Amino acid sequence: MGTVLVEGIMGLLARLPLRFHLACGKFAAWIMCDVMHYRRSVVMINLARSYPEMKYGELEELCRKTYRHLGEIFAEAVWFGGCKGEKGRRKLYDSHIVEIVNPEVINALYDTDCSTMLLMSHCGNWELIGGLQCYNHNPDEPFKWSHSEFAVVYKRLHSKLWDRVMRDNRCAPVSDRDFDGYKESADVLRFIVGNRRRKFLYLFNTDQYPYEGSATYNVGEFMHQDTLAMTGAVSLAHKLGMNVCYVRWRSLEGGRYTVEFVPLCSGGSGETPEHLMDMFYAELEKDLNAQPWNYLWTHKRWK
């Protein structure tokens with residue numbers, strides 16, 4: 001009943017225009033930053049350690065921009081939940097909320113004889129990734145893969161209610177297509193092995209602090225801090241000979257984004273998991289230096 005109630009309210013809100021949601025996002029950002037001080041100390045510590053050359057006033061301004069971005073993420077996620085069915089996919093396409101700048105790269109990876117591991121960070125708005133097929137605006141380079149060959153790996157939320165709500169919301173554009181590619185991390189190995197004879201695109205969000213019991217690797221200094229990384233995704237890519245690709249999100253004006261695919265290797269069996277992690281974090285550091293606010297700084301990335 002709780003899931004039905006929450007999804008019903010979110011469904012009604014999702015019918016409102018995107019510009020309304022973005023305006024609400026600005027208000028939510030002010031509440032989180034200046035009224036509730038939601039994890040503000042965590043944000044400031046993360047920023048101060050990652051950008052030691054910045055003065056306090058610059059860090060304060062960067063902190064506010066970070067919360068404005070966080071407000072946009074929440075607002076866009078609610079709106080995204082209303083992009084269901086063919087009409088919803090058309091709305092998502094016409095909004096240009098995300099545009100893929102090089103679809104030919106992911107097509108070339110798909111044309112190889114192996115599956116592809118897409119490594120994504122918490123830059124941009126990962127809540128919109130379920131609409132990936134709707135973001136290609138290049139008529140000369142249509143995608144060669146379908147939704148049935150795309151899988152997103154996630155970590156189950158502690159709340160069963162919100163886990164179900166967010167799962168349904170993130171899969172909104174493919175909810176009418178019997179999508180079976182949203183996989184909890186504990187089940188992904190079984191899923192990959194079961195589909196090893198098919199070409200798949202697997203998307204992992206990999207910039208979390210390692211979970212207890214997970215395989216880790218010390219990447220050395222990342223953003224001026226000693227950093228441990230989870231190697232589960234790249235270890236799978238190495239063992240199964242997958243292509244590996246970094247997914248770059250860049251923020252534009254008005255709550256919009258571009259997505260660029262940056263190939264890291266062709267056939268991961270030729271690279272060690274450790275080297276793949278080094279390449280991933282090198283690309284992520286470029287993004288954090290280019291757009292410092294375009295990241296989820298509210299979590300303790302270094303513990």
Side-chain angles (χ1 to χ4, degrees), residues 3 6-7 9-29 32 38-39 65-84 88-89 91-93 95-100 118-135 147 150-159 161-175 179 181-185 201-208 247-252 254-260 284 287 291 293-299 301:
T3 301
V6 172
E7 289 190 347
I9 294 173
M10 290 180 64
L12 290 174
L13 292 173
R15 296 185 179 185
L16 297 170
L18 178 57
R19 61 179 178 275
F20 170 83
H21 289 279
L22 291 175
C24 290
K26 292 180 180 179
F27 179 71
M32 288 187 289
Y38 170 71
R39 297 191 178 184
K65 292 181 71 174
T66 297
Y67 278 97
R68 284 197 291 270
H69 172 59
L70 183 60
E72 288 178 349
I73 290 174
F74 290 154
E76 291 161 351
V78 174
W79 174 84
F80 182 77
C83 298
K84 296 180 178 179
R89 287 189 288 273
K91 180 175 76 168
L92 193 59
Y93 178 85
S95 72
H96 288 261
I97 190 170
V98 181
E99 293 194 23
I100 294 175
L118 302 174
L119 302 180
M120 192 171 73
S121 73
H122 282 86
C123 287
N125 191 346
W126 56 94
E127 298 291 347
L128 306 178
I129 199 64
L132 189 62
Q133 280 203 308
C134 301
Y135 303 144
H147 74 280
F150 180 58
V152 179
V153 181
Y154 81 107
K155 182 69 174 177
R156 183 177 290 116
L157 300 176
H158 293 297
S159 167
L161 185 153
W162 283 108
D163 185 73
R164 174 63 183 274
V165 168
M166 296 309 298
R167 175 189 175 91
D168 291 346
N169 200 79
R170 290 164 174 167
C171 298
V174 289
S175 58
F179 180 64
Y182 196 59
K183 296 297 177 182
E184 210 279 331
S185 56
L201 302 175
Y202 296 101
L203 188 139
F204 280 73
N205 218 320
T206 60
D207 64 336
Q208 293 279 16
V247 183
R248 169 164 287 135
W249 286 72
R250 287 291 170 88
S251 176
L252 304 177
R256 295 181 298 113
Y257 308 90
T258 61
V259 165
E260 179 185 2
L284 178 56
D287 289 346
Q291 294 188 326
W293 67 89
N294 188 35
Y295 189 64
L296 188 64
W297 291 107
T298 53
H299 288 54
R301 303 296 178 190

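Given the structure is predicted, the values throughout are model-derived calculations rather than measurements.
Residues satisfying the ring pair (Phe, Tyr, Trp, His ring centres under 6.0 Å) criterion with Phe80, sequence neighbours excluded, are absent altogether. Under the side chain to side chain contact (heavy atoms under 4.5 Å, CB included) criterion, Tyr182 pairs with Val152, Tyr154, Arg167, Arg170, Cys171, Phe179, sequence neighbours left out. Listed by chain and number, the residues in a side-chain hydrogen bond (donor to acceptor under 3.5 Å, both in side chains) with Glu99 are His96 (sequence neighbours excluded). Partners of Lys65 according to the salt bridge (charged side-chain N to carboxylate O under 4.0 Å, His left out) rule, which considers only residues two or more places apart in sequence or in another chain, do not exist here. Residues satisfying the salt bridge (charged side-chain N to carboxylate O under 4.0 Å, His left out) test with Arg68, not counting sequence neighbours, are Glu61. The side chain to side chain contact (heavy atoms under 4.5 Å, CB included) search around Leu16 returns Leu13, Phe20, His21, not counting sequence neighbours. Scored by the side-chain hydrogen bond (donor to acceptor under 3.5 Å, both in side chains) test, Glu76 finds Asn125, Tyr257 as partners (sequence neighbours excluded). In terms of the ring pair (Phe, Tyr, Trp, His ring centres under 6.0 Å) criterion, residue partners of Tyr93 (sequence neighbours excluded) are, by chain and number, His137. With sequence neighbours excluded, no residue satisfies ring pair (Phe, Tyr, Trp, His ring centres under 6.0 Å) with Trp293. Arg19 meets the salt bridge (charged side-chain N to carboxylate O under 4.0 Å, His left out) test with no other residue; sequence neighbours excluded. For the side chain to side chain contact (heavy atoms under 4.5 Å, CB included) test, residues two or more places apart in sequence or in another chain that qualify with Val153 are Ser185, Val188, Phe204. Evaluation of the side chain to side chain contact (heavy atoms under 4.5 Å, CB included) rule for Asp168 yields Glu7, Arg164 as partners, not counting sequence neighbours.
Between the Glu184 side chain and the Arg156 main chain, a donor and an acceptor come within less than 3.5 Å of each other.
Under the 4.5 Å side-chain criterion, counting only non-hydrogen atoms from C-beta, Trp249 is in contact with Met120. Residues Asn294 and Asp287 have side chains not in contact (no heavy-atom distance under 4.5 Å, counting atoms from C-beta outward). When side chains are defined from C-beta on, Arg301 counts as touching His122, because their heavy atoms get closer than 4.5 Å. Side-chain contact between His299 and Arg39 is present, with heavy atoms from C-beta onward closer than 4.5 Å. By the 4.5 Å heavy-atom criterion applied to side chains, Ile100 and Leu132 are counted as neighbours. Between Leu296 and Trp126 the shortest side-chain heavy-atom distance falls below 4.5 Å. Trp79 is listed as a side-chain neighbour of Lys91, based on a closest heavy-atom distance under 4.5 Å. The shortest distance between side-chain heavy atoms of His147 and Gln133 falls below 4.5 Å.
A pairwise comparison of heavy atoms in Asn169 and Ala77 identifies ND2-O, 2.7 Å as the closest pair. Taking both residues in full, the closest heavy atoms of Ala172 and Ser175 are given as O-OG, 2.9 Å, listed atom of the first, atom of the second, then distance.
From Leu128, atom CG reaches atom SG of Cys134 across 11.0 Å, with rounding to the nearest 0.5 Å.
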